[in-house]
Each structure stands twice: as structure tokens, then as C-alpha cells.
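Worksheet: the structure to be examined is printed underneath.
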Amino acid sequence: MFSAFASTTDTNTLDDDSDMFDQSHNDFLSLPISHESVHLKGGIAPMPGLSNIGYGRESATSSVHYGDANDTLEVNHQSGRDEREDSTPGAFMNTYGLNLTPSPLPYPNTPHSTVENGSHGVNGVNSNQNGNAIFKASDENVSQRDGLSKLKDASLKHNFMTRTPQSLSRESQPSSTPELLQSYERPTKQRLASKLKGKTTELKANSSIPAELSWPEFGRQCILAAESSRLNPFALHPAEYRLLRNHINHAQVTIYLNIRNAILRLWHRNPLVYVSFDEAAGCTRDKRFFGLAKVAYLWLLRNGYINFGCIEVPDTAPAIARRKAKDTPQRTIVVVGAGMSGLGCARQLQALFAQLADQPTNSEERPPKIIILEARPRVGGRVYSHPFLNQTNSTLPPGHRCTAEMGAQIVTGFEHGNPLNAIIRGQLGIPYHGLRDNTILYDYDGTVVDRGQDMLVEKLYNDVLERASVYRNKAAAQRIVEGDRNLILFGRDANDNGGPTIAELENSDTPLSVNAKSTASTTEEKPTTGVEKLAGRAYQLSAGFNPNITAAEAIQTLGWKVETGVSMSQTVDLDAIAKTSEFPTLGQTMDEGIKQYQAIVDMKPRDMRLLSWHHANLEYANAVSVNKLSLSGWDQDMGNEFEGEHSEVIGGYQQVPRGLWKCPSQLDVRFNTPIKLVCYNTEEQQTGKAVIIECSNGQSFEADRVILTTPLGVLKSGSITFQPPLPDWKQGVIERMGFGLLNKIILVYEKAFWEPDRDMFGLLNEAEHQASLRPEDYNARRGRFYLFWNCIKTSGKPTLVALMAGDAAHYAEATSNDQLVKEVTDRLDSMFAPNPVPLPTETIVTRWSKDPFARGSYSYVGAKTQTGDYDVMARPHGPLHFAGEATCGTHPATVHGAYLSGLRVAAEVYETMTGPIEIPSPLVEKKIKLEHPATPSLADFKPGFAPAVVPTQTTKTARAQRDEDYEAAIIGAILEEIGERPIKPGRSGVNPFLLFTKDYWYIVKKECDDARVAATGNSEAKASKQEVRIAIGLKWRTAGEGTKKPYQDQADNARESATSNAASFKERVAHWDSEAARIRQEYIQNNPPPGGNEDLILNSRTAIELGASKRLRRM
Ligand SMILES: Cc1cc2nc3c(=O)[nH]c(=O)nc-3n(C[C@H](O)[C@H](O)[C@H](O)COP(=O)(O)OP(=O)(O)OC[C@H]3O[C@@H](n4cnc5c(N)ncnc54)[C@H](O)[C@@H]3O)c2cc1C
């Protein structure tokens, strides 16, 4: 019965955080964290109160606590009080330098000051007086540069390049590019202050491009920023392409991409502060491109690539409200569900309407009312950290509560595009624990599986998986419009000499200089597949399966011994099973592969148990038996994985949805409001009448737009009635898509009897018929307790979480708690024998399919699911919009996928209510006409997005503009007459050894390869680069004078010519400078400046006259 055993709705338990953001949390404490693996990457102070404090009463007295139907409340504001007073306010301060693995684009708001004194809020995060979290500029006395050097010192002390697992089962790689720290920058206090006051400043090209960075370094950071936003740095996103194709030419694509990537760079460097339009305009190299900056900015903003999450954004609405009469129309948006997608969507919509309230399309009405209807008494949905009954002896930092993750638990890598990176690390500063790939496997009888054997079987499994992946649907090739990759790589803009637009070129059939096959990433990671999304063991597929290698050959190369008498031409043929069935599944196809392999190698029952364990691992990732997964599409999200270590949130993942709900100001969530009827009209309606929603508690709501984020399981169950019924295309996809099940058994002990530093361990299960070699005999049991997570570090108590995957997930739903506890204890007993395993002091069993507001765990690609079905799930119908993990085809079944779907739907709803992005006309201004210097020919572009045609300026701005144009005209005259200032020649950089290496590399390499072949007996053996380097060094050191002389002479010559170049540079530059001064003077005489400030202008020098920037010189 649900009320007894399901996991997620507890009306008796309080989850009171009414003053989560109360000013009492203003005082941050400095608590050095001794946990070696506790780290706050990005160095962010937690938002006050987010640290899982302020929960209330315990839920029950039973020592076995089933958590079922026992959600903790968000809404009762009284009973959490006592406990809060006991708890330490303000969360805790991190020791940032510890175990730091900086992001490629590290958040600059690192708590530099706190590494040493730890005495005050960092990152400008503090609480304001009325209880809402706000952001302030950090302590004035800590300069940015001080902060940086402290961070660097601390990092060095603590081994900056700490090895952390990039993903499970792969060799750990440091994910940092520490030199980026040198280019650290953060907004000045003034910038923050003016931003928060909503001030606008004059737009300035180049103002967001740090002069101290070389162009290539700047370009590199921009590329990383785009990749960290899931965008191809070198190509337009299809939506950008649609928006721009009629407006820009190919050269402008490069310019646009440079601007867009540079805006993203600003965001990633500090996601705690919104990027303003002035800053976006400062990413242009020329004010002619402010129009492009406007489009890029709006596109990124609307689509949730910048300014998303828990940040304060400028509210441009109040000014409008003052001007307008009170009865200005206001529309209503209802979001159903306060999970990650619903909260993400509501937060984003609120932010968009606030930031863009002064857009012409928005100015006729007040920003809409946004209401979230949530069935449960809490936020988070399938992200639910259930508090333990007993909170004593917690090992968590003060202010954190001991909880168990009933649903989502793992953040699958922060790098390379995870939006939770900005939220968890960049904004909320929630601590997390990085997981290490140190899984061991126990056999069913408790013996530890030999690592060699484990790896051998895993290779075989991967091989079968690869053979099955041949039947995968091929992704449709997309036309990609690329910018000039080389220019973007080096941070340079294209020369824009006009020319036809992309659309004109396409229509004229002239070949585009586009690379239709280019990929989105500059990294060469092979795609992983399988459990990346939830972080069990990942399976690495090779780039493509080579059909010319037979199974016998392949298996032998993998280290298996082929049975005597088996020909090397024997192979595994899956065509029959894959092609004959109408709905082939991954499981049946792989099992056929395993059976055929049994004729090639001698497989033992233990190998079968290991293979079955890998099946269970996939069943965990997909929440369903492999026998129900579509063969052609089960891993349709492959290649979208993030990078970086997998992590668990310390003190509860639910802090993340809570942050979205509460920060920077509380969203309007109506708890205990399950909807049951949605009456909608697809025709245009008067304001507020398109949808009427009726709820089980008797309330009803009228709305213009409704966003349904209820889980697919709920939609499938039919518990919500639609009037009229959903159209066939929508109902059809709801039925075709899979919604699976994963359950957990959470076991809390007095004391750990396992290795406390091991993050997880696996358990093999026996077949239903002992020692069977038939794969299907393992179906029912293989997922039982197949993986244990050790959650000591994140839950604060000795806790194990046993997973029930595949068929075993259903077994858990149907089995009594006592039985499950007995079974799991027996299994643990044999694993840890002879040490006795105690009974848990507290147990929680999840039963997600019995939860009426989930009806399962997460979506999967079932045998009948069709390509593109996730997109069909996402498609709106009239005023009804859809979000949730099952609408995110690129990242389904995950927390980040749910959040991304919220951003996606917010953009969609915003556009349907306000219209598409308006392209300024002209989008790119014409080049300056030097003949009319005194007449400002460049239209100014103001924040607030007035069309970039006629500048409406204040007197001061007009003067500044005029002076700037006058200076531009002088520079134009100088460049026209004497060209660019000579560029300083580089140093010779020639060294005799390098010259020698160039000549001898291949000779020495050949020698080394030959030596390798001789040493190993393998004719294919090759020497490593390092070996060649060592050998070449030796050759140089032992070479005679005769050999060395030509190289030394060459180097001497190069040095001499560099010296003479330097001398000639001095002369040429002196000449150029005097000529430039002459031209300036003549120009002023012939064209007196309109302001009459001749002397001032005569003595001024532009960057170009001063030798340009360092950047130019370096180029
Ligand atoms: C056991 C388990 C383990 C998981 N592990 C991971 C993991 O390690 N990593 C990871 O990234 N993801 C994991 N996930 C998946 C992840 O939790 C989900 O993909 C994500 O939380 C879904 O968010 P959502 O907003 O789409 O849906 P939900 O979080 O389900 O939100 C939907 C909301 O709608 C509400 N609702 C339902 N019906 C109604 C109604 N009639 N009226 C009003 N409101 C209603 C629900 O109460 C809920 O709050 C796991 C999930 C489960 C169940």
C-alpha cells in the first residue's frame, strides 16, 4: 500500500525551512573541512540557509523507517524552529584549496580571503535584511589580484593538480587548465553595484575583452566557454542559424560566433552575477557589431545559456508598472510540478520577464504571474533527500542534516556543459563529494572477484555491446554553418566586406564554406555509453565497430583464449536476431551474442555472473530490464556526456531544487495541490482563459499557458484528465515511450563494517538455476543489491544504499521490508564474513512505482519508442507546454536533463507570449566614412535595445561619441597614409638542439622503433615519444663538434638577424611615430575638431599609435 511504503510523500514530517534565508544566517562560520574529499569547487560560499538546516520534527518512531508516503513538508513554519536554533546558522565555509580541481573556466569568485582567514562571506553572497538571499560585492579590502594570488598559493600548497576521476572506470585525468587562472578577472565592485541598480552605461566595443590577454588565449577561453555551454564554438546552433540566415553573410558568422562565445566566457567566469547587455556589447571589437551582440545576447539569454539559475537579475518592470495604470493586463502562467524542471522553468521565466520587461513586445502589460502547482508538500520531485530519524552523531559539517537520497544521487560530471555546474558550484556553493573509481566486485558467495577476471569479462561485454551497437539508429546529418575555425581559434575576427547572406548563398546553390560534418567539440573524447547518466560503471565504445575483425580474433586480442579447434574466422552474427524481430531489444541481441561467444571461448558460470552484473548496471542506468530496451535507440543520448568527476551532494541533493525555489526570491509554489483536470482551448482566448485547471483539493486556476512537468509515468497513468483529450500524436508518444523503475534500500548503521573510503562495491548474483550458462536465467535476480553506494560522506552517518535494478526493482515493490532487510543482511554477511554484519538501525525502502506523483523512476527508450520521440514529448499543444526529464532527448533520465528541459520550455513559452527575437535593422552598421569625420556616422546602440539607427543621447554621450568618431577619423587618416605601426619582431627562439631535433627526429624514431620490435618480438611495436626524446637528447649530447657546428651556426645567424631586426624595428617605429604625429597635426589643422579642443587631441594618442595593445604586438 502506498501510504505505508512508497518513498516520497510524508505529510507527518516537517521539512520546515521557513527562514532558510533568514538574516540569522548572515554570519558565516569558518569551518575548515577535514574531509579530504569534501570540496567546493568554484570556491563558492554556500547560500545561507541552503545547507539543509531548519527541518523539523522527525517523522516516526519506528526504527525501520520506510519513508513511504512520508514526504517532508516545506510549508509548516513553526515546528522547525527549535531545531534550527540548535543548528549552526549560515552553513559553513569551505577550505577551497583542498583537493581543488579547477574547472577549465574557474569561477573567479573563489573564497581567496577565506583560505586564510575564513572570517566573512565570500563571493559576495550574503543575506539581506528581509530574508531573501542577495548577492553583494565582496569585501572591499580584498582586491581581486590579492584573491587570485592567495588562491594560487593555496592551490599550490595543496597540490593543485589533484587527480580526480574523470568518470568511472576511466583513468583519472586532471581536468584543469590552471594557467587560466592568470587571466582571472571578476567584476569590480562598481560594476556589481551599478548592475544591481540597473544603471546603464555607454556601450563600448572591446570593453569586455581583457587587454592583458593575448588573442589566442582569449580565443581559447571563449571556445571553452562555448563548449561548457553545450554549444559548438565554431558553428551556429540550428536555432541561431534560423534566426540569422537571412541577415548575415559568412564573414559575419565568424564575428557573431566570436561575440557569442565571448559573452559565454563572461558568464562562465562568474555565474554569480548576471551578464548585462553593456558587457555583451563590450565583446565586440567594433561598435558596428553592436547589433550582432544584441542578437547573440538575447539568444543566449532567452535560451538559458547565460543568466540562469539562482542569481539576482535586474528587474526592468517596476518602472513600467509605475507608468501604467493598475489595470494593465497581466497574464498567468501555471507550472505543474515543483521538480527540477518545473522550478527551473519558473525561475527562468521570472528572470526573463524581469530582464526583458522593457522590450517593446513586453511593454504593454505587466510581467505575467507565475504559479507552481505541486502535488506534494515539498519541492524536488524525484530529487528527495529524506531526513534520517536519528540525527545524532552526524559527521556532516554543522548546519547539514543527515539524509538519504531516495531519488537522484549522482551529479554526472560538472564539466563540459552541465548547467548544474553554475548552480551547485557557481551560485549555491553546495559542498559535494567527488567519487573515486575504486569499485570492487563481490561474487555471490562473498569472495572478491579477481580484478583481472573482472576486466577480461568487461572487455568481452564491451565487444558484444559494440556488435549490438551496429544496429543503432544513425543520427541524421545536420547542416552546420561554421565560422572560420582558424580565426576563432586565434580569437580573431573576419574581415567583413559585405557580400550575400547565408540564405542568398544557399538559394543560389553556390557552395557554402561550411563544413557540414564538423563536430561540436574540440576534444577527442570517445563517447561513453551506458551508465554515465547515473554513474555506475561506464562503457567505452570504440569510435566504430570494425566488421572485418572476427569475434575469434577480437576475443583473442582482448586476452581470452580461443577454444581449441575454433577457427579464427569464426564470428558472432547478430543479424538474425536483430533483423527478424519487429521490435528487437538490446538484451535479447546481446544475449544472443554472449551465447555465440560461448562457442568460441570457454565461459564459466562466474563469467556469466559477471556479464549479468554488467547487464544489471545498464538496467540501473535505464531503469528497466535490458530486454525492454530498444536495440536501435536505447542510447540515443550518447555523446552528450559531461566530463569531470562524478559527485554526490553533501547533506542532500534536495538543496539544489530548494535553492531554485528560494533564491534569489521565493517562487510561488502551491503545495498539496495535485491537479486532476486540465480544460484547454487551442484557439486564441482572452487573457487568462485559455486553460482552467482543477485540483484534487478543490481549488481551480485559470491560466494563459500551462507547463506540465509531471513525470511521464503520471501522464501514462491517466490520473490527469485533459479536456479535450490530448491529440493522437501526443497520446501516442506518451504510450510509446518507456518509463522504468529503479529502487533503493537505504541502510543506516551504528558503525561502518565496510571500508569507509570505498565509494561503492558491487555484488554478483547467482542465476535462478545454479551455475547456469543461459543468460536468461539471470534476468530476474541480477539486479538485486547489485551495487552498494557507501554514503558516509554525504549522509553523515554510516549508510549504505543498495540498488535494485531491472526486474529486481519490481521485486522490491512486491516484497516486504522485513524480507528485503533480511535478504540484504544475508548477502552482506557473506561478503564481510567472518565479521558479523549488524542489523541496520534505520532502513528506508523506496517504491517509486507506487508513488502517485511519479509512477516510476525515469524514462527509457523502449522497443516501440521511435526516433525523435523525446522531441515529440516536448512539443507544445495549444496553450499546453511540456517539460521534464522525459522531454529532454539529449540528457534524459537525469536531474540536469530535467533542468535543461525547464530552460527549454521557458524559452518556448516566452517566445509564444512575446514573439521571436527582433533582428535590428541594419544588423551590421556600414564602415566609417573617413571623409565626414565630424558627422557621427555610427549609430549608437543603447542598452535597452533601442534600434541601432538614430542615437538618442545625452549631451555628454553625444560629445563622447563625437570625440571618439573624430579620433577614429584621425586613425583612419594615419593608417591610410602610412599603414599599421611596425610590429615588434619576436625573439629568434632558435636553439641548436631544436634544429638538430627537427632533422633527426624521424631517424631516431626509426632506431627506437626497431629497438622496441627487437625487445618485444612484436613487429608492430612502436617506441613512445618520451623514449624518442630521451634518445635524441643522448644523441645530441654525444654528437661530435662536426655534427653540432652547422646547428650552432644556424642558431647564431638567427640570433644575429633577430638583433638586427630589433634595431631596424626601432628605427622604423620611430619613423612611423613621427609620421603619425605629423598626420595627426595636419588633420587637426585641416579639419578642426567640433569641440575646439585641438590641444588635447593633438597630444592624445590612440592605442594604435602607442604600439597598439600587447595583443597586437604578439600577433
Ligand atoms: C531512484 C532514482 C534515482 C535517480 N538517480 C539519478 C541520479 O543519480 N542522477 C540523476 O541525474 N538523475 C537521477 N534520477 C533521475 C532524476 O531524479 C529525474 O530525472 C529528475 O529529478 C526529474 O525531474 P522532473 O522535474 O522532470 O520530474 P519530477 O522531479 O518528478 O518533478 C515533477 C513534479 O510534478 C509533481 N506532480 C506529479 N503529479 C502531479 C499532479 N497531478 N499535480 C501536481 N503536481 C504533480 C511531482 O510531485 C513532482 O514534484 C533518479 C531518479 C530516481 C527515481
Side-chain angles (χ1 to χ4, degrees), residues 7-9 71 74 334-345 372-384 404-413 418 420 435 531-536 620-621 623 642 646-649 653-654 656-657 660-661 669-678 693-697 706-715 717 719-721 739-744 746 789 801 803-805 809 812 846-849 851-859 873 882-888 891-902 905:
S7 55
T8 45
T9 47
D71 281 11
E74 305 281 10
V334 164
V335 179
V336 181
M340 281 299 287
S341 56
L343 292 167
C345 162
I372 306 178
L373 305 180
E374 169 54 55
R376 303 175 198 269
R378 61 165 179 87
V379 295
R382 283 169 275 167
V383 179
Y384 178 35
E405 303 297 5
M406 316 290 273
Q409 182 163 343
I410 314 291
V411 182
T412 55
N418 191 341
L420 301 179
L435 298 171
V531 285
E532 276 294 281
K533 49 183 142 185
L534 299 178
Y620 159 45
F642 301 131
H646 295 150
S647 313
E648 291 172 339
V649 173
Y653 207 154
Q654 210 183 342
V656 179
L660 277 173
W661 170 39
V669 180
R670 311 286 170 93
F671 292 103
N672 300 312
T673 312
I675 68 159
K676 58 174 190 182
L677 176 68
V678 180
I693 296 172
E694 284 181 18
C695 305
S696 306
N697 62 8
V706 171
I707 297 133
L708 288 145
T709 76
T710 47
L712 175 59
V714 171
L715 293 177
S717 75
S719 62
I720 300 170
T721 306
F739 197 68
L741 190 61
L742 169 77
N743 275 311
K744 295 180 175 181
I746 295 151
W789 293 101
V801 173
L803 297 183
M804 300 291 272
T846 72
R847 291 188 174 86
W848 280 99
S849 83
D851 181 330
F853 306 125
R855 306 268 187 187
S857 298
Y858 37 89
S859 63
M873 270 304 300
F882 296 83
E885 56 83 13
T887 67
C888 183
H891 303 87
T894 57
V895 174
H896 51 265
Y899 180 70
L900 286 173
S901 78
V905 83

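Residue numbers start at 1 and run along the sequence shown. Remember, it's 1-based here, ligands and their atoms both numbered in the order they're listed.
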(request) Taking the six-membered ring for Trp and the full ring for Phe, Tyr or His, determine whether the centres of Tyr899 and His891 are under 6.0 Å apart. (result) no
(message) Just to check, does Asn743 reach to within less than 4.0 Å of ligand 1 when the distance is taken from its heavy atoms?
(response) no
(request) List every atom of ligand 1 that sits less than 4.0 Å from any heavy atom of Gly380, numbering the atoms from 1 in the order shown and giving each element. (result) 29 (O)
(message) Within ligand 1, which atoms have a heavy atom of Val383 less than 4.0 Å away?
(response) 21 (O)
(request) Check whether any heavy atom of Ser901 sits under 4.0 Å from an atom of ligand 1. (result) no
(request) Report yes or no: does a heavy atom of Ala854 sit under 4.0 Å from some atom of ligand 1? (result) no
(request) Report yes or no: does a heavy atom of Met406 sit under 4.0 Å from some atom of ligand 1? (result) yes
(request) Using a strict 4.0 Å cut-off to heavy atoms of Leu373, name the atoms of ligand 1 that fall inside it. (result) 43 (C), 44 (N)
(request) Any atoms of ligand 1 less than 4.0 Å from a non-hydrogen atom of Thr709? List them with their elements. (result) 32 (C)
(request) Within a distance under 4.0 Å of any heavy atom of Gly884, pick out the atoms of ligand 1 and give their elements. (result) 26 (O)
(message) Which of the numbered atoms in ligand 1 are under 4.0 angstrom from any heavy atom belonging to Pro711?
(response) 30 (O), 32 (C), 37 (C)
(message) Which of the numbered atoms in ligand 1 are under 4.0 angstrom from any heavy atom belonging to Gln409?
(response) 5 (N), 6 (C), 7 (C), 8 (O)
